[in-house]
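Computed from a predicted structure; not experimentally measured.
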Amino acid sequence: MSKPINEYLEAQVIKAYLIDGHSHRRIQEEILDIPAPARGGGFEAMKILHSYGIQGDKKAILCSNRFEEEIETASASYKHALLLIKKYFLD
């Protein structure tokens, strides 16, 4: 049974990808609580990330780039994703 999608759950998905570097499949299984087959799993997590303009090149980006640098050059949807991380997970 999947969890209802809300802002906090989306923030968890974004953090798991941008900070923790988790795969779409792992995020879908562990955070969204939706089964993800070994082949082709992770589409629900990917849909959330793509809705914020987050593509594969951003995986674990906040491990190598400072938050302030990322938000400075972020597009509107990506900036919104970063602000969700700040709201829920950063001081």
Side-chain angles (χ1 to χ4, degrees):
M1 161 103 50
S2 64
K3 300 175 184 177
I5 304 297
N6 58 37
E7 183 182 85
Y8 179 68
L9 195 61
E10 288 187 352
Q12 286 180 296
V13 168
I14 296 163
K15 176 192 172 288
Y17 196 72
L18 298 181
I19 295 176
D20 304 328
H22 293 169
S23 68
H24 296 126
R25 192 174 158 279
R26 182 174 177 185
I27 293 167
Q28 182 169 307
E29 288 182 331
E30 295 179 6
I31 296 173
L32 299 176
D33 198 25
I34 300 171
R39 285 186 71 121
F43 288 114
E44 295 305 314
M46 196 182 310
K47 279 199 286 190
I48 292 170
L49 293 167
H50 287 180
S51 75
Y52 287 99
I54 300 170
Q55 303 292 326
D57 62 331
K58 297 292 185 191
K59 186 174 184 177
I61 193 78
L62 294 176
C63 291
S64 57
N65 291 6
R66 289 181 35 245
F67 182 86
E68 295 78 17
E69 292 171 3
E70 270 307 289
I71 204 161
E72 219 171 84
T73 60
S75 66
S77 56
Y78 181 44
K79 183 177 271 190
H80 183 84
L82 293 170
L83 290 172
L84 285 178
I85 289 177
K86 184 174 182 178
K87 176 179 179 179
Y88 291 106
F89 303 108
L90 302 177
D91 293 327

| request: For Lys79, check side chain to side chain donor-acceptor pair (under 3.5 Å) against everything at least two apart and list the hits. | output: none
| Partner set under side chain to side chain donor-acceptor pair (under 3.5 Å) for Lys47, not counting sequence neighbours | Glu44
| request: Output every pair passing ring-ring contact (aromatic ring centres under 6.0 Å, His included) with a member in residues 39-59, not counting sequence neighbours, ordered by first then second residue. | output: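 Listed once each, the pairs are Tyr52-His80.
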| request: Would you sort out whether Ile5 and Leu32 count as a side chain to side chain contact (heavy atoms under 4.5 Å, CB included), showing the intermediate values? | output: CA-CA 8 Å; Ile5 304 297; Leu32 299 176; 3.7 Å; yes
Atom pair [atom1] ([X]) and [atom2] ([Y]), whose distance is rounded to the nearest 0.5 Å:
X	Y	atom1	atom2	result
Glu69	Ser64	CD	OG	9.0 Å
Glu68	Leu82	CD	CG	10.5 Å
Phe67	Leu83	CZ	CG	6.0 Å
Ile19	Leu90	CD1	CG	5.5 Å

| Shortest non-hydrogen contact from Gly21 toward Ala60 |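 The answer is CA-CB, 3.8 Å.
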| said: Quick check: closest heavy atoms across Val13 and Ala45, and the distance to 0.1 Å? | reply: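 Looking at all heavy atoms of both residues, the shortest contact is CG1-O, 4.2 Å.
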| task | Return each pair, listed once, that meets salt bridge (Lys or Arg N to Asp or Glu O under 4.0 Å) where at least one residue sits in residues 4-21; pairs must be two or more places apart or across chains. | result | Glu7-Lys87, Lys15-Asp20
| query | Is Leu84 linked to Ile71 within one hydrophobic cluster, defined over Ile, Leu, Val, Met, Phe, Trp and Tyr using a side-chain heavy-atom separation of less than 4.5 Å? | reply |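 Yes, Leu84 and Ile71 fall within the same hydrophobic cluster.
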| said: Under the rule for salt bridge (charged side-chain N to carboxylate O under 4.0 Å, His left out), what residues qualify as partners of Arg39, not counting sequence neighbours? | reply: none
| said: Restricting to salt bridge (charged side-chain N to carboxylate O under 4.0 Å, His left out), what partner residues turn up for Glu72, sequence neighbours left out? | reply: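 Residues passing salt bridge (charged side-chain N to carboxylate O under 4.0 Å, His left out) with Glu72: none at all.
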| request: Anything under 30° is parallel, anything over 60° is perpendicular, the rest tilted; go ahead and classify His24 against Tyr17. | output: parallel
| Got a donor-acceptor contact below 3.5 angstrom from the Arg25 side chain to the Ala36 backbone? | yes
